[in-house]
Each structure stands twice: as structure tokens, then as C-alpha cells.
Amino acid sequence: MEYNHKDIEKRWQQRWKDDSTYQVKVDREKPKFYVLDMFPYPSGAGLHVGHPLGYIASDIFARYKRQRGFNVLHPMGYDAYGLPAEQYAIQTGQHPEKTTTENIARYRSQLDRIGFCYDWSREIRTCDPGYYKWTQWAFIEMFNHYYDTALQKAQPVEKLVENFEARGSQGINAAESKHLNFTADEWKAMSEKEKSDVLMNYRIAYLGNSMVNWCPKLGTVLANDEVSEGVSVRGGYPVEQKVMYQWCLRVSAYAPRLLDDLDTLQWSESIKETQRNWIGRSEGAEMQFRIDGSDVEMTIFTTRADTVFGVTFMVLAPESKYVDLITTDGQRAAVEAYREEVKRKTERERLMDKKVSGVFTGAYAINPLSGKKIPVWVSDYVLAGYGTGAIMAVPAHDSRDYAFARHFDLPVVPLIEGADVSQESFDAKEGRMINSEGPELNLNGLEVKEAIARTKKFIEEKGIGRVKVNYRLRDAIFSRQRYWGEPFPVYYKDGVPHVLPLESLPLQLPEIDKYLPTETGEPPLGRAKNWATTEGYPLELNTMPGFAGSSAYYLRYMDPRNEDALVSPEANNYWRQVDLYVGGTEHATGHLIYSRFWNKFLYDLGKVCEPEPFRKLVNQGMIQGRSNFVYRIKDTNTFVSAGLRKQYDTTPIHVDVNIVSNDILDTDRFRAWRPEYATAEFILEEGKYICGWAVEKMSKSMFNVVNPDDIVERYGADTLRLYEMFLGPVEASKPWDTNGIDGVNRFLRKLWSLFWKGDTFLVTDDEPSPEALKSIHKLIKKVTQDIEAFSYNTSVAAFMICVNELAAAKCHSRSVLTPLVTLLAPFAPHISEELWHQLGNDTTVNDAPWPEWDEKYLVESSVKYPVSFNGKVRYTIEVPAGTDKDAVQAAALADPAAARWLDGKTIRKVIVVPSKIVNIVLS
RNA sequence: GGCCGAAUGGUGGAAUGGUAGACACGAGGGACUUAAAAUCCCUUGGCCAUUAGGCUGUGUGGGUUCGAGUCCCACUUCGGCUACCA
């Protein structure tokens with residue numbers, strides 16, 4: 001029998017499906033293990049060979065854990081809501097659901113061919129009403145809770161209301177949008193609408209005016225992580241800042257816990273660091289500056305409390321509410337003009353434009369420590385969204401303040417001994433303070449750190465300010481002016497928002513005729529007919545963002561068809577959390593923050609039993625494309641081989657990598673590729689046309705997309721799986737290069753030839769030779785350790801070595817081949833399953849227990865010690881295995897070859913090190 | 001600007017501080033074959049040498065060590081993420 005991958009893979013994939021081999025149930029007899037891939041957005045382009053990299057790695061681990069006796073949950077589903085399907089719908093009128101369903105079908109067939117051990121009975125789609133019911137449910141719960149900062153926990157809003165009824169706003173510890181002060185009587189006197197507004201200030205899901213990233217081209221707002229360098233991540237369209245009344249999630253309330261709990265996670269340091277930066281904890285102080293001749297007090301935030309004596313001016317963000325309060329009549333026109341100018345600029349223009357700009361408000365503030373009058377300016381280098389939107393400017397020790405001061409000719413007062421501020425600011429937090437003496441506080445002579453602490457203490461005592469920890473993490477904007485997303489379970493009664501009762505969920509996405517905003521500028525849902533409750537109250541027109549559906553999907557897999565809860569306590573208590581999560585780093589500041597937040601919220605409610613969703617995270621690298629080029633001689637239809645192109649004036653042209661093999665162009669297929677090349681002529685080198693190559697992003701336009709289907713068709717899924725792993729470490733980014741896949745395929749055929757020669761089944765019950773035993777035990781040890789360490793490329797290499805050794809030893813012994821096939825099963829499940837059954841087993845190879853290695857087969861009978869002098873290996877001595885250290889030393893000293901190297905010198909010492917090296921040090 | 005990571009043959013990549021370059025591709029040579037494919041064997045970091053063997057070698061410069069690709073310091077280059085964050 002020949003190795004026929006098509007027959008084997010088709011047959012076993014069918015068997016696994018028929019037998020439901022990979023379905024799992026809660027089984028309290030067995031330990032659980034939860035392996036999860038980040039579920040894909042099913043794009044129209046289908047999978048390329050880069051996508052399955054992480055899936056293959058996690059599949060190997062899932063199968064391995066199953067063979068180790070774990071009950072393994074390994075599900076898959078689709079992040080089905082998203083912009084591309086909607087953009088496509090706008091262009092073509094095709095319902096996004098139709099596009100999405102088709103794309104999912106394509107993804108599924110591509111995934112199926114690779115032979116994953118997913119439990120497809122647990123498949124979920126975020127756009128499925130049975131699923132998004134629970135997204136809406138979570139939103140309602142967030143609406144009905146506030147965050148208690150003393151308990152560090154979400155609490156029902158009713159508790160807050162009780163407090164208001166009894167004591168007003170006094171004594172509450174709640175995360176809030178702004179600080180409110182009212183009495184119980186004032187609360188009781190409020191209208192329905194006023195009460196609603198007050199509660200919005202505390203709810204975890206709340207409606208609020210906030211500065212949003214508005215993308216006019218996409219017609220929607222975007223979250224911070226959906227914007228990069230002033231343009232939208234999807235599409236790259238310009239984004240502007242705008243205040244809008246939007247649904248938001250109070251993620252910021254969870255910032256301290258999101259930060260602290262990072263330490264409990266087995267994630268890469270780099271991704272934890274990225275999250276730490278994104279959360280952006282900074283310890284500093286809030287301080288009040290009174291406006292001269294007014295009772296307005298402006299609050300600023302600073303991490304450099306020590307530099308207050310160097311504050312020579314203050315700056316407000318153009319959007320700051322203080323601007324209206326303090327601008328003098330004389331300056332009002334100029335300030336308004338400036339604000340208009342800033343407003344017109346997009347975020348990108350604002351970032352690009354490095355020119356310093358700003359305008360004086362006409363007002364002066366009083367420095368609370370020195371008592372000096374300092375001017376207050378407005379400039380767009382101060383952001384409304386961070387801190388309080390107002391800063392104290394210390395030009396001597398902050399480069400942005402310095403640039404501003406130089407531009408507008410404001411004074412620069414150095415505060416640190418020896419700091420030269422004639423050319424640039426001195427930003428380092430070190431040195432001794434000078435020029436820092438006021439009527440009540442003297443910092444001169446202190447180190448910066450001491451000065452910060454002293455100032456903080458002083459301002460707290462004097463009531464000028466307070467120590468404050470500030471977080472950069474913003475609340476998540478949760479509204480999208482889109483159609484293809486989860487509808488909010490919200491209706492408006494007399495303008496007051498209410499959530500729908502839980503029994504009425506899911507609130508299904510209505511049909512609409514066009515997917516554009518309405519003529520009046522309302523979101524697409526404004527087009528839906530009868531978009532109201534049965535009582536006729538209008539429903540919310542926005543939909544939820546992409547991250548809503550992906551924030552708790554890992555919980556739903558535990559209990560995917562439960563109609564009464566997101567996940568039952570039984571299922572959740574058994575599966576608990578994801579033990580291994582595999583996916584790309586691009587979600588570091590998006591999905592991976594939102595999921596943690598969402599999970600912590602549900603944890604506070606007692607709905608889930610683990611405070612973190614993903615215990616261990618592995619980030620697979622990106623697979624880049626490897627493009628091929630042909631070189632056309634200018635103004636001809638003649639193409640010259642890469643090695644000869646320097647002799648001509650040529651233009652490189654991307655050529656489809658699928659008609660190139662080992663960089664050699666298939667010239668016939670090239671002529672057939674496109675009509676304009678039908679008459680192409682070639683200048684060959686050594687009879688071949690060699691293409692040039694470059695590493696680029698994998699994309700259609702570069703003609704470097706490799707479809708896994710083609711690889712599976714030609715070499716089989718097992719070869720694809722092994723090759724993707726063999727390419728390099730899972731975490732590393734690397735270009736896809738199909739050259740070299742033959743080596744892996746050759747390995748599988750060699751493995752096959754241990755079992756079959758022609759139609760003869762070679763397997764015997766003979767006792768294996770010591771070499772064969774050593775070979776297989778070496779493999780067991782290596783593969784076991786490598787899988788645990790997620791080092792699959794070296795595992796594949798170890799398989800190749802073992803098979804080569806067994807072939808050389810002509811070993812066909814069942815007792816060696818059985819563990820070999822068992823070990824290979826996670827990597828190449830189809831061929832392993834086939835051979836496993838040929839060895840006479842009936843169960844699936846995935847239930848074959850993982851073999852254990854025995855060190856006794858790995859011991860050498862004699863050991864060779866390289867002997868080195870001063871670090872250089874000179875010769876080798878051989879001693880029986882087990883020889884102790886002293887005997888090795890004696891043997892080394894007695895070896896006549898040593899004399900050759902001693903050369904009159906004396907031996908200072910002899911060191912026997914663990915790695916079988918004897919090191920002789922001469923003096 | 002900030003943070004993180006990387007740098008090893010023609011290529012992808014191996015090396016708990018202990019014989020650098022495993023494994024694979026590619027390349028060269030050979031066997032089998034009418035031929036091709038497939039398969040098998042040999043060579044393959046560089047330099048010198050007929051061989052034996054020698055020298056040299058992990059981005060650069062220093063350091064620690066009996067011993068450094070690996071640890072420390074400085075630098076260079078390249079990637080990734082992030083950014084007027086006060």
C-alpha cells in the first residue's frame with residue numbers, strides 16, 4: 001500500500017464526524033482542560049495559510065492533553081458581526097447575514113480539511129439570536145449595576161437608590177462620571193428624568209456625553225483601540241474628535257483590578273506590559289488653582305508635584321469647560337476662533353501638525369505655593385480626555401511645555417540644580433531642587449523624589465489638592481451607528497432610557513431595506529419599521545460594537561445551548577476558565593481588555609467562578625507573504641531570469657506564487673495566467689526562469705496568497721500541519737515559504753515505509769534492538785518536553801531523526817512503532833489514526849495513552865569527554881558510563897595525549913562539568 | 001518620544017553558561033534508470049591543507065567566567081506595539 005493522503009484523510013475525517021469522536025461532556029471523573037482559539041471573523045477572502053498556524057498549535061495541545069487523560073474542551077465559532085459585511089451590504093444591497101453565512105460555510109469547509117479536533121456541536125456565532133441574547137443580558141446587568149470603589153466590586157443600583165433616599169449622595173463610594181452633591185430631599189424632589197440622569201452618572205453601562213472618535217467615512221464612532229495614528233484601523237479613514245451622547249461601559253472603574261491581576265496570568269511579558277501601558281496607571285496629585293479675581297478653581301493633575309514653583313503658565317484643552325468660565329471678554333473672540341480652528345482639524349491633522357498653537361484666555365491663576373500670578377492659555381496639545389483637561393505648565397522640565405513657552409515667549413524657570421534649559425527642557429526625574437521656596441514650603445536642596453513626597457503631603461494638609469492615582473484607560477464607547485451588530489435592549493419612555501425585561505430577550509435585529517443612515521442622519525436602524533416596544537415606545541437605534549459579542553464567548557462554549565443562563569453554574573464550575581488561549585497580539589488592548597473586564601463584572605455578580613478568563617495565553621506570530629517577481633524588459637513582452645536582470649532595463653512584476661515552485665517559474669502556466677502574457681518570451685538561465693522574491697504582507701494584490709486548500713490537496717492535511725509547525729517557533733513572525741514542504745512530506749512517506757513495502761505489511765512482533773529502544777525513548781522524552789514548552793518545531797525535527805534512525809536500523813517492531821504513532825497523533829492525526837488501526841487497535845488514537853520514557857534506555861555504555869584547555873577542545877577521552885568525577889579527572893590526567901598540550905606548563909586544576917566536558921586549566 | 005523583542009550559513013531555524021550551526025530546504029557530486037520522476041549515498045559556515053589536521057567564526061566594542069551565541073555594560077541595525085497621557 002502506498003501512502004495516499006487523500007484517501008486516508010477523507011476516510012478518517014468522515015469517521016470522526018460519524019462517531020462524534022471529539023464531542024465532550026462534563027465528566028467529573030476526569031480533570032478538565034480548556035483549549036481555545038480566538039474565533040475568527042469570517043471574511044470574504046477565506047483562510048490563507050497564515051490563519052491556521054495558531055489553530056494547529058492549539059489543536060496539537062488539545063489532542064496531547066486528551067491523550068494525557070484530560071477531558072478537553074476545544075470549541076470553535078465565529079465572530080460574525082463586523083464592518084466588512086456591512087460595507088459590502090451597503091455597496092451591493094446584499095443582506096450582511098447572507099454574506100456572513102456564506103463566508104462561514106467557506107471557513108468551515110477549509111477548517112474541516114485540516115483535521116481539527118473541535119467539538120462542533122458547541123459552535124457559536126455572535127450574530128445568532130440565541131447567542132446575542134446573552135450579550136444583551138450582560139448589558140442589562142451592567143445597566144443595573146454601579147461600581148463600589150470601597151468594596152472594589154459591582155453592586156446593584158438599588159443600593160445606590162436606597163442611599164440616595166436616606167442620605168442623598170453622602171457616603172457613597174461609587175465610580176462616577178462626575179462628582180455630584182445632593183441631599184435626600186433634593187433626590188426625592190427630582191423628576192423621573194432627573195433621577196435617570198443622576199443614576200447614569202454611576203451605572204456601569206451608561207449614557208453619557210463623551211469625547212468620541214468619530215469616523216465620518218464609516219459614519220460611526222470608534223473605540224480607542226479601533227483607532228491608530230488618527231485613522232480607523234478598519235479602512236484607514238480619518239477620525240475626528242467630537243462630543244456625542246453615547247452608551248459607554250465604565251471599564252475605567254476596573255482599571256486597578258485589571259492592572260493588579262495581570263500578575264496572576266501566564267501571559268507573555270510583552271503583552272502584559274502593553275496592557276499595563278494601556279491601563280496607564282500614574283501616581284500623582286490633583287491640585288486646585290484659583291483664578292485671580294474670580295472664585296473659579298481649576299483642578300489639574302500632575303505627576304511632578306515637586307515642580308509647582310516652576311509653573312509659569314497654565315494650559316487648558318480647547319474643549320475644557322473651564323475655558324468658557326474664565327475667558328475674559330477681551331480675549332473671547334480670539335479663543336472662539338482658535339476653538340473653531342481646532343475643531344475643523346481631524347485627529348490626524350492635529351497629530352501631523354507639529355506646529356505649536358494656542359491662545360491666551362486673558363485670565364490669570366494664582367500659584368497656590370508661590371502666590372504668583374500666572375497666565376492661563378488654551379492649546380490643543382492638552383487633551384480633554386486625559387486627567388482633568390487642564391495642566392500646570394513647567395517649561396523647564398517638560399518638553400511640550402518648553403516648546404510652547406519658547407513659541408509664545410513665556411518664562412522658563414529651572415528647578416533642578418545644574419539643569420541647562422537654554423536649548424531644551426530637562427525632563428529627567430533626578431537631581432536637587434533649586435528656586436523652590438515659597439512662603440510656607442521650601443523644597444530647595446531636596447532630591448526630586450523627596451520633593452514630590454513633601455509637596456504631596458503639604459497640599460493635602462493645606463487642602464490645596466490631594467494625592468491621586470490616575471488611569472489612562474478610558475471608558476469604552478459602546479454605541480455604533482451601524483446595522484450589523486447587536487441591538488440594545490433599550491427603549492425610551494418620555495426621553496428616559498429603560499432596559500427591556502429579561503424575559504423579552506433576545507431583541508432581534510430588524511430587517512431594513514437599505515444599510516445606510518437615514519436621510520435625517522439617524523443610524524440605519526432608524527429605517528426599521530415598527531422599531532418600538534409593544535407599548536409603542538421607541539427602541540434604541542444604535543447597535544453594539546464588535547467587542548460586545550467577543551467578550552464572553554469563551555463562557556458560552558461551556559454551555560452553548562442553555563436558554564436560561566449564559567452558562568450554568570454546573571458547567572462553569574467544571575470548565576472554570578480557559579487554560580490555554582491561542583491568538584494574535586493584535587487584540588492586546590481591545591478584546592483582551594474587554595473580556596477581562598466583562599469577566600470581572602460577571603465574577604462580581606457571582607455568575608462566573610474565576611476572576612480571570614484566560615489563564616495562559618500564547619501569541620502566535622503573523623505569517624507574512626513571500627512574493628515572487630518576474631522581470632520584464634522595458635517596452636517588450638520579454639522576461640529575463642532574476643540572475644540576468646542586471647544586464648537589462650527591467651520592471652519587476654508580481655507573479656502569482658502558485659505558478660512558481662522553488663522560485664522557478666512555470667512558463668506555460670505564466671503564459672496562460674493572463675492574456676497579455678500569452679505571447680511572453682523568456683530569457684532563461686541554465687534552462688530555467690528564476691524568479692526574484694521579497695517578504696511582504698500576504699494579500700491578493702501581491703499575488704502571494706497561499707490557500708491551505710491547495711496545500712491539503714497536493715500534500716495532505718498532515719503535511720500542512722507538520723510543515724506549519726516546522727517553519728519555526730509558533731510565537732515568531734515569519735514569511736510563508738512553500739519551498740521545503742517536500743521535506744516534511746518525505747518524512748511522512750518514510751514513516752509509512754516503516755509499515756509498508758509495496759503490499760507487504762512489515763510490522764513484526766520482534767524484540768526491538770537497543771538502538772531502536774533508545775531512539776524511541778529519546779523521542780518520547782523530547783516530544784513530551786517540547787509540547788509542554790510549546791516548542792513544536794524542534795518536536796517535528798525529533799520525529800524526523802527518530803524515523804531516520806528506525807529506518808537505518810530496519811526496525812519494524814510493533815513495540816516501537818506503537819508509541820511512535822501515539823506520539824505523532826497530535827501533530828498528524830490522520831496518518832497516525834490510519835497506522836494505529838493497522839497496528840490492530842480499535843479505539844481512536846486520540847484515546848491512546850501518552851507513552852512514558854524510561855531513562856534506562858537513554859544511558860550510554862561509555863561516555864566521550866571532550867577535553868579542553870583554556871576553553872578550546874583539544875582531544876577526547878572515553879570512559880565507561882557511570883564513571884565518577886574523580887575517575888574522569890584521573891583518566892584525563894593520565895591520558896598521554898595531554899602531554900602534547902601541556903608543553904612544559906603545569907596543570908592548575910581539572911574541572912569536570914555536567915555536559916561531559918573535562919576542562920584542564922594551565923598556569 | 002516611550003515600551004518590548006530580535007540580530008547565528010545561500011534560506012527557515014537548533015543549541016539548561018559547556019564540542020555552535022540540530023532538523024529541513026536549497027546547492028554540488030554520485031548510484032539506480034533509455035530518460036525523467038521517485039528513492040538512496042556523499043559533501044555543504046569561511047579560510048588553509050592531498051589527507052591527517054589547523055586557523056577562524058553567532059551584528060560592533062568592552063566586561064564577568066576555567067569556559068559566553070547564551071550573563072552584564074555601551075553601541076549599531078532591524079522588527080513589533082504605543083504615543084502631545086502632563
Side-chain angles (χ1 to χ4, degrees), chain A residues 225 228-230 268-278 280-282 284 300-304 307 315 317 350-351 353-354 356 379-383 385-394 397-401 403-404 427 470-474 585-586 588-589 619 621-622 624 626 662-663 693 722-723 726-729 731-744 746-747 749-750 753 782 785 791 793-801 804 807 864-876 908-923:
Chain A
D225 68 283
S228 183
E229 293 180 6
S268 73
E269 236 359 90
S270 74
I271 206 154
K272 285 204 253 184
E273 200 53 34
T274 304
Q275 289 212 346
R276 285 189 193 109
N277 290 340
W278 190 258
R281 183 180 197 271
S282 65
I300 58 94
F301 175 78
T302 181
T303 53
R304 292 295 301 273
T307 59
V315 188
R350 196 170 146 164
L351 287 172
D353 194 0
K354 295 277 180 204
V356 176
S379 173
D380 65 358
Y381 85 88
V382 174
L383 304 177
Y386 184 74
T388 61
I391 63 153
M392 60 177 216
V394 188
H397 303 289
D398 182 286
S399 53
R400 294 153 303 172
D401 297 345
F404 194 84
D427 290 17
N470 211 18
Y471 292 92
R472 198 177 74 92
L473 184 68
R474 309 260 50 90
T585 51
E586 66 272 21
T589 54
N619 297 114
M622 293 265 282
Q624 295 139 299
R626 187 179 186 277
N662 288 346
D663 293 336
W693 62 274
L722 283 168
Y723 186 57
F726 187 62
L727 223 43
E731 293 92 336
S733 287
K734 58 235 161 204
W736 175 268
D737 183 358
T738 311
N739 301 345
I741 195 167
D742 291 315
V744 170
R746 208 166 284 154
F747 154 72
R749 293 204 305 268
K750 255 184 215 170
S753 70
K782 176 77 177 148
Q785 292 174 346
S791 170
N793 55 333
T794 49
S795 275
V796 178
F799 276 112
M800 292 177 175
I801 295 169
N804 278 338
K864 286 176 184 165
Y865 283 87
V867 176
S868 67
F869 296 102
N870 294 339
K872 281 214 194 288
V873 173
R874 304 295 184 169
Y875 68 103
T876 304
R908 189 150 54 115
K909 56 180 165 176
V910 177
I911 305 161
V912 181
V913 289
S915 67
K916 293 190 282 185
I917 287 190
V918 180
N919 207 325
I920 293 181
V921 185
L922 303 177
S923 56

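As the structure is a prediction and not an experimental result, all values here were calculated from the model. Chain identifiers are assigned alphabetically (A, B, ...) following the order of the sequence lines, protein sequences preceding nucleic acid strands; residue numbering begins at 1 within each chain.
Residues forming a side-chain hydrogen bond (donor to acceptor under 3.5 Å, both in side chains) with A:N739 (at least two apart in sequence, or on another chain): A:D737. The side-chain hydrogen bond (donor to acceptor under 3.5 Å, both in side chains) search around A:T794 returns A:D786, A:S791, not counting sequence neighbours.
Using a 4.0 Å heavy-atom criterion, one finds that A:V796 contacts no nucleic acid atom at all. Counting non-hydrogen atoms under 4.0 angstrom, A:R749 reaches the backbone sugars and phosphates but no base. Among the atoms of the strands shown, only primed sugar atoms or phosphate atoms (P, OP1, OP2) are found under 4.0 Å from some heavy atom of A:N804.
Between A:R400 and the phosphate of B:rC85, there is a side-chain N or O to OP1/OP2 separation shorter than 4.0 Å. Checking the phosphate oxygens (OP1, OP2) of B:rA24, no side-chain nitrogen or oxygen of A:R746 falls inside 4.0 Å. Taking side-chain N and O atoms only, A:N277 has no distance below 4.0 Å to OP1 or OP2 of B:rG80.
Remark: side-chain polar atoms of A:N470 are not paired, donor with acceptor, to backbone N or O of A:G284 under 3.5 angstrom.
The side-chain heavy atoms of A:I391 and A:D401, taken from C-beta on, include a pair separated by under 4.5 Å.
A:R400 CZ to A:D398 CG: the interatomic distance, rounded to the nearest 0.5 Å, is 4.0 Å.
Glycosidic conformation of B:rG26 is anti; the angle lies outside 90° of 0.
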Distances under 3.5 Å only, N/O to N/O: pair up the protein atoms with those of nucleotides 13-16 of chain B.
residue	atom	partner	partner atom	Å
B:rG13	O3'	A:N793	ND2	3.3
B:rA14	OP1	A:N793	ND2	3.1
B:rA14	O5'	A:N793	ND2	3.4

